[in-house]
Amino acid sequence: MSDITRNRWDSLRQYTPARIATGRVGHAQPTRAQLQFQLDHARARDAVWHPLDSAQLAERLLKLGPPVLRVNSEVSDRAQYLQRPDLGRRLARADRSRLESAVGAAGAADVAIAVVDGLSSIAVETHAAPLLERLLPALRDNGLKLAPLSIVAQGRVAIGDEIGEALGARLSLVLIGERPGLSSPDSLGLYLTFGPRRGRVDAERNCVSNIRPPHGLDYERAVETCLYLCRNALQRRLSGVQLKDDSVVVDSPRTQRVPFFRDTRGRG
Amino acid sequence: MPFHSLIGSHSYRFDDLRTLLAKATPARSGDYLAGIGAASNEERVAAQWALAEVPLAHFLQEAVIPYEEDEVTRLILDSHDREAFAPVAHFTVGELRNWLLASADSAALAALRPGLTPEMAAAVSKLMRVQDLISVARKCRVTTAFRNRIGLPGRFSTRLQPNHPTDDVAGIAASIIDGLLYGSGDAVIGINPASDNVQAVIRLNHLLEDVIRRFSIPTQGCVLTHVSTTLEAIARGAPVDLCFQSIAGTQAANTGFGIDLALLREAQQATAALGRGTLGNNVMYFETGQGSALSAGAHHGVDQQTLEARAYAVARAFEPLLVNTVVGFIGPEYLYDGKQIARAALEDHFCGKLLGLPMGCDICYTNHAEADQDDMDALLTQFAVAGGSFIMGVPGADDIMLNYQSTSFHDALYIREVLGLRPAPEFERWLLEQGIFDDSGRLVTGESPPPALAAQLKLTGGTA
């Protein structure tokens, strides 16, 4: 007789990615489920602690056209990054001057794009280049002028405010590694802020989340949403909650059937 | 008023009570992020020496946040019961620790509740080791009721947390069924919705009512949305058992949550008026967590543990069924690692129980915290020994909507087994009738769902 009590309601897994019907050994999870969890956690941890290879990423991004600058936040190491979000929102002083002088004769741009490691450099290394390959031409086709690209180590979302400000851009786009979930270590987020400058708050941003094909949002959809937001932000001269209000609200039915519940008359 | 401590030849000075409390707090990242933590290990202990000498009566004289500026301070001081305080009124903080450990029994602790302020509870906890936090909390008895009774001696409950990234009703129901078959869900079946759309919230309330009635489960449901959304759902006739809200220990932080005491009162009354409880009418479910006030930029220079205890003053004004400290969810900038998370959880449980609350704990961590399953197992064991009221039950410990790790259905079975703990009695009887538990409290669900439950389900592929 096997030590494993399997769960023959595993057909319910078709309805959710949750770890249901895992079975049990005594009261514990079977070895296979236990090791799968450990593997997923290990990957999520590695995503957080893996240092961004800025040089390699810069090489890939240079092929896309605009100049690329590599900068750092005020954070000195990963442990400090995790404990001091305030430092991760600020550019190292020397890097701010470098950005300011990069504006040069070209003058002000419409869009400043920052690629930031955030909490998952794996997300950035996996998804930033293919996303930008599609996004940059689309922005140019819309007549938008691009500032130099920046690659930021040990950064938080709000560092895009200071970068956009230093580059004198009308709006900033931040591509950043999101907090890894157990089953999603490589999720990329895109944040748009109109009129970037230090002191902006999160309510003034729009977010396109969970960019991670094939499991999450694909690049084409992300680019489409990003373009929609860029056009509207520049036209209405704002971003954040007020911009989001235009999104379509789908009216949902009052109740919804559970396909695996038997019909019971005279109930609920 | 300044406080002083002489350690060897070095004299330490602490300008006021909130500074003293902050410096005396065991190290945690959030207090350093706020710039208020002790500058050295010696300064921390110097502050603890000084804090031990502070008379409890002083806490009624010096508020950590001014009375005029903060309605939580006003609630604390205006509701303070001097008669209940009398037995400890002559103690210092250090003497309170001695009395709690040596002399206080369950009856004395229950009588003391309205006489203690959260700041007193926080202060004494800062002088206590983990074993002190456990042994005193274990003596506190707090029982609440709705369709079952939570917190009875020898009982340990679970919130079934069946979240889904898009609030898909079938997906949520699938996790609920899995959880029930593992004996989870006596504290509440509680869904964190991904959307705060009121129609979506109403739909989830109907799902919960359908499940609870269909299977005749002696438990309660809750959709953990903002209190104003729940009020709107009630106004539109939704079947609401419990009203949820996140709360914090300062008025400004609560403003950040979009609430105040008056709104909570309105919500409690509207929910209680539905009269859906059968054994009691504790209708509120609160969640808290150290660091929330700092996160909202509303901490007034007060340490995060003292502010957490102040959130319990808010909670107890509304006689909740459940209070849950979501300890490791906030991230490493507030609680850096497994050690800080575990200590914070046991402090929260101790302070909450001392103040008379039905304290549960979301024993949890995020992937950017220095913590893992071993840390959670250790905390789960300590929390249950301390007499914790309830924990979460999440499929495989992986919350696929909120992206963090909590406790699994299996974890609850483990702790009940090793410590001989049982679910709420009404729920236990239901588990027995369904053939999910046997009468010694062991899970007996086999490969297929037991017949009574299976009869309600259409499962494909070999079952039933």
Is [X] close to chain A through its backbone or its side chain, or both, or neither, when contacts mean heavy atoms under 4.5 Å?
X	result
B:Phe409	neither
B:His368	both
B:Leu402	backbone
B:Tyr414	backbone
B:Ala34	neither
B:Ile400	side chain
B:Ala369	backbone
B:Glu370	both
B:Asp399	neither

Problem set entry | Choice from A:Ser183, A:Ala18, A:Ala47, A:Pro180 maximising heavy atom contacts with chain B below 4.5 Å |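 The option with the most such pairs is A:Ala18.
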Problem set entry | Winner by heavy-atom pair count (cut-off under 4.5 Å) against chain B, out of A:Pro85, A:Ala44, A:Gly26 |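 Of A:Pro85, A:Ala44, A:Gly26, A:Pro85 has the most heavy-atom pairs under 4.5 Å with chain B.
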Give, as side chain, backbone, both or neither, the part of [X] having an atom under 4.5 angstrom from any heavy atom of chain B.
X	value
A:Ala79	both
A:Ala33	neither
A:Leu119	side chain
A:Phe261	both
A:Gln34	neither
A:Ser184	side chain

Problem set entry | Heavy-atom pairs under 4.5 Å with chain A, option from B:His164, B:Gln405, B:Met401 with the top count |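 It is B:Gln405.
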For this session: Against chain A, work out which of B:Pro165, B:Ser408, B:Ala455, B:Gly331 has the most heavy-atom pairs shorter than 4.5 Å and name it.
Result: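 When all of B:Pro165, B:Ser408, B:Ala455, B:Gly331 are compared, B:Ala455 has the most.
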Closest non-hydrogen atom pair between [X] and [Y], with its separation:
X	Y	result
A:Val48	B:Asn367	CG2-O, 3.7 Å
B:Leu443	A:His27	N-NE2, 3.9 Å
A:Ile20	B:Ala174	CD1-CB, 4.0 Å
B:Ala397	A:Phe37	CB-CE1, 4.0 Å
B:Ala170	A:Tyr15	CB-CD2, 3.7 Å
B:Lys458	A:Pro259	CE-O, 3.3 Å

[atom2] on [Y] to [atom1] on [X], rounded to 0.5 Å:
X	Y	atom1	atom2	value
B:Glu447	A:Trp9	CD	CH2	9.0 Å
B:Leu207	A:Arg257	CG	CZ	12.5 Å
B:Thr445	A:Arg24	OG1	CZ	6.5 Å

For this session: For the pair A:Arg179 (side chain) and B:Asn403 (backbone), establish whether a donor and an acceptor sit closer than 3.5 Å, ignoring hydrogens and angles.
Result: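 Checked: pair present.
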Compare all side-chain heavy atoms of [X] with those of [Y] and state whether any distance is below 4.5 angstrom.
X	Y	result
B:Ser29	A:Leu82	no
B:Gln373	A:His41	no
A:Thr22	B:His410	yes
A:Asn7	B:Leu181	no
A:Thr16	B:Asp168	no

Exercise. Does a sphere of radius 6.0 Å around CZ in B:Arg276 hold more than 12 heavy atoms from other residues, nucleotides or ligands, not counting ones at 6.0 Å or beyond?
Worked result: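 For B:Arg276, atom CZ is crowded (more than 12 foreign heavy atoms under 6.0 Å).
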Problem set entry | Aromatic B:Tyr365 / basic A:Arg45 pairing, under 6.0 angstrom, 45° off normal |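 Here A:Arg45 fails the 6.0 Å and 45° test against B:Tyr365.
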Exercise. Hey, which of B:Leu457, B:Leu459, B:Asp178 is the one that makes side-chain contact (heavy atoms from CB on, under 4.5 Å) with A:Leu12?
Worked result: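 Single side-chain contact (heavy atoms from CB on, under 4.5 Å) partner of A:Leu12 among B:Leu457, B:Leu459, B:Asp178: B:Leu459.
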